[in-house]
Amino acid sequence: MIRISLPDNSSKEMSNDTTGRDVALSISKGLAKKAVAFQLDGELFDISSPVGHDGSIRILTADDSESTDMIRHSTAHLMAAAVLELYPDTKFGIGPSIENGFYYDMFVPGFKGDKDLAAVRSRMKRLIKKNIPFERKEISFSEAQEIFSSHDERFKLELLDEIRDLGETISVYTLGGFTDLCRGPHVPSTKFLANFELLSVAGAYWRGSEENEMLTRIYGTAFNSREDLESHLRLLQEAKKRDHRKLGAELELFTSKGMGGPGFVYWLPKGTIVKENLENLWKDAHRSAGYQLVSTPHIAPVELWQTSGHYDYYKDNMYFTEVENGEYALKPMNCPGHIIIYKNSRRSYKELPMRIAELGTVYRYERSGALHGLMRVRGFTVDDGHIFCTADQIVSEIQDVVRFALYFLKMFDFGYQIELSLMDPDDPLHYAGDPADWARVEPLLAEALDDMGEDYKTVTGEAAFYGPKVDIKLRDALGRYWQGPTVQFDFNIPSRFDLEYIGHDGASHRVYMVHRALFGSVERFIGNLIEHYTGNFPGWLAPVQLVILPITSVQNAFAEKLYNKAVEAGLRCELDSRSETIGYRIRGAETGKVPYMFVVGQREEESETVAVRRHGEGDIGTLPFDEAVKAVVSACIRPALPERR
């Protein structure tokens, strides 16, 4: 007999061969019908699996959030079974669950991409109606090899070969005519998988290597309930409208196609205005916050990257060239350049904290399949900053950086979530520096956040190899989280470069070093802004802040006079006097997301007024021209700088 504890603190004695379904049935028939899995001491199992030993049990239904990942993984198997029925010669790679969904990589002869998704979707629904069970078997390695060899499943055989020595038994799951190499667990049958949708088709190299075969990857999404699925699909539709690649083209902000090379961004005039205004704010804010701005070369000898350690960790993502028989590299990071600046002269404690920052363009090799608009590129600008300080300055400096980061996020109405990433105490050899230094600094970072009153999550084992870090995830208008500001402590570089300062006692001491990036990649941050605002930038960032629209050509001279005055007032203004109808030109300004329009006809010319329109709101009234210009100028004022230090 075994003794099991239930969530209500009651306990039961049951036989050794008791399964999770037996436990559910002992509670109620209704629960047994809805049960999809069980947790034994926190670990998830198939509902049909034996319990095996004493422990705490919780029965899960499709309504429980803990079953979501299992539902998505099971739906990937369902999709694979449907594809196999439609395309019997399919060879299967991997099909994991991912955030908000799943995918499966397959070699599918005759598959026509998105055109064939409807047929796969329909076949999946048919299999759901049949309520086909998921059947788990534990077999020997040789039996598994025989199963996948008989179907010429070359990808599965490759995976199988890698787990040859992991154990005597291999688990496989069968769903209808499809058998997969899988740990599980899975839902009991297909009836639990009705809340799914197939989303898209893409190409994917087997195991992510360009040297391997190109497979078809089908993406889908699945949820515990129809309501959650429909809510997510609405979110995807809204995200599609906000896609920065689509809006970037429509608003003529940037291009990254043609002969320019994949992964490199070419800023068009309007996009350059956005980028320059953002960078100018960044520069002014940093000067106000006590930073010294610097500039470093785009290329440096390989020896510099070897000393910094970047060569060891980033070699496969770096670009190299020969210069006078020496090897050089395009910089993947700005850090070593800032080290050279710090070491330019002997530093005293009186100079610390020393804060330097740079909008530095870096270059990293990314596989072409990973490139994504402004979010994942090969050349981008990082707003790098480095703080060199003493031990007793760490807390205040970290607090100031976090406040500085939040200044930018709040300015753009981003939400945020803070994570404190610490070392794994069970694996100290994975990290650079003395464990005693880590033990001293990690509590200081927590103290800095605690004193600020900020909520944060501690994540053990997620620190960088060179030091603990504070990550701030930004949350956009759709509730999505993106990589945002990061503050990283560094035990590695100060030792590698022997960074010191002269203390009060006249002796040399190791300096403390903090990396920080507030935008991260400027390109990615602008991509986030485009999607966050749906291209409707705040007035101070908008490429065109005002467009003047004469109703007929008779008002052209008056409109030109108004245009000149608006430009003199400092507004980024356009005059649209094309021969198109006024309605057509207004729609053009709306599509271009210009914040303000001044419409002038005979009546406005006679009274020297303008009919003011605001983007997304329409006509907001008629005002004297000077008053209207002042109102637009006021609405387009750049945000205030942080308090000067």
Checklist entry - For the rings on H532 and F412, is their centre-to-centre separation under 6.0 Å? => result no

Next on the checklist: Between D54 and I4 (side chain of the first, backbone of the second, donor and acceptor by atom type, cut-off under 3.5 Å), is there such a pair?
Outcome noted: no

Checklist entry - Should the ring pair Y104 and F92 be called parallel, tilted or perpendicular, given that the plane angle runs from 0 to 90° and is split at 30 and 60? => result perpendicular

Checklist entry - Any Lys/Arg nitrogen of R126 or E85 sitting under 4.0 Å from an Asp/Glu carboxylate oxygen of the other? => result no

Next on the checklist: Distance to the ring centre below 6.0 angstrom and angle to the axis at most 45 degrees; does that hold for R72 and F223?
Outcome noted: yes

Checklist entry - So, are D64 and R58 salt-bridged, with charged N and O less than 4.0 Å apart? => result yes

Checklist outcome for this item: Exactly one of Y173, F45, F192 clears ring pair (Phe, Tyr, Trp, His ring centres under 6.0 Å) with H186, and that residue is Y173

Next on the checklist: If the threshold is 4.0 Å, N to carboxylate O, is there a salt bridge linking K156 and D180?
Outcome noted: yes

Next on the checklist: Can you tell me how far apart CD (E230) and CG (N195) are? Round to the nearest 0.5 Å.
Outcome noted: 8.5 Å

Next on the checklist: side chain to side chain contact (heavy atoms under 4.5 Å, CB included), that's the test. Do F102 and S74 meet it? Break it down for me.
Outcome noted: CA-CA 9 Å; F102 59 89; S74 299; over 6 Å; no

Checklist entry - Are K137 and E143 within salt-bridge range, i.e. N to O under 4.0 Å? => result no

Checklist entry - Do T534 and N536 have side-chain N/O donor and acceptor atoms under 3.5 Å apart? => result no

Checklist entry - Are S225 and D228 close enough that a side-chain donor and a side-chain acceptor fall under 3.5 Å? => result yes

Next on the checklist: Tell me whether R3 is salt-bridged to E13, with the criterion being a basic N under 4.0 Å from an acidic carboxylate O.
Outcome noted: yes

Next on the checklist: A side-chain contact here means heavy atoms from C-beta on lying under 4.5 Å apart; do D450 and Y456 qualify?
Outcome noted: yes

Checklist entry - What residues, two or more places apart in sequence or in another chain, satisfy ring-ring contact (aromatic ring centres under 6.0 Å, His included) together with H151? => result none

Next on the checklist: Checking side-chain polar atoms at under 3.5 Å, does T179 have a donor or acceptor matched by the opposite partner on T174?
Outcome noted: yes

Item to check | Heavy-atom pair with the smallest gap, counting every atom of N16 and I2 | outcome: OD1-CG2, 3.4 Å

Checklist entry - Under the 6.0 Å and 45° cation-pi test, does R367 pair with Y205? => result no

Checklist entry - For the side chain of D243 and the backbone of K240, is there at least one donor-acceptor N/O pair under 3.5 Å apart? => result no

Item to check | Test item: T221 and L233 side chains (from C-beta on) under 4.5 Å apart, heavy atoms | outcome: yes

Checklist entry - Are F408 and F404 close enough that their ring centers fall under 6.0 Å? => result yes

Next on the checklist: Over 60° means perpendicular and under 30° means parallel, so tell me whether Y87 and F111 are parallel, tilted or perpendicular.
Outcome noted: perpendicular

Next on the checklist: My understanding is that only one of H372, R378, R376 makes a side chain to side chain donor-acceptor pair (under 3.5 Å) with E366; could you say which?
Outcome noted: R376

Item to check | Between D46 and S48: side-chain donor-acceptor atoms closer than 3.5 Å | outcome: no

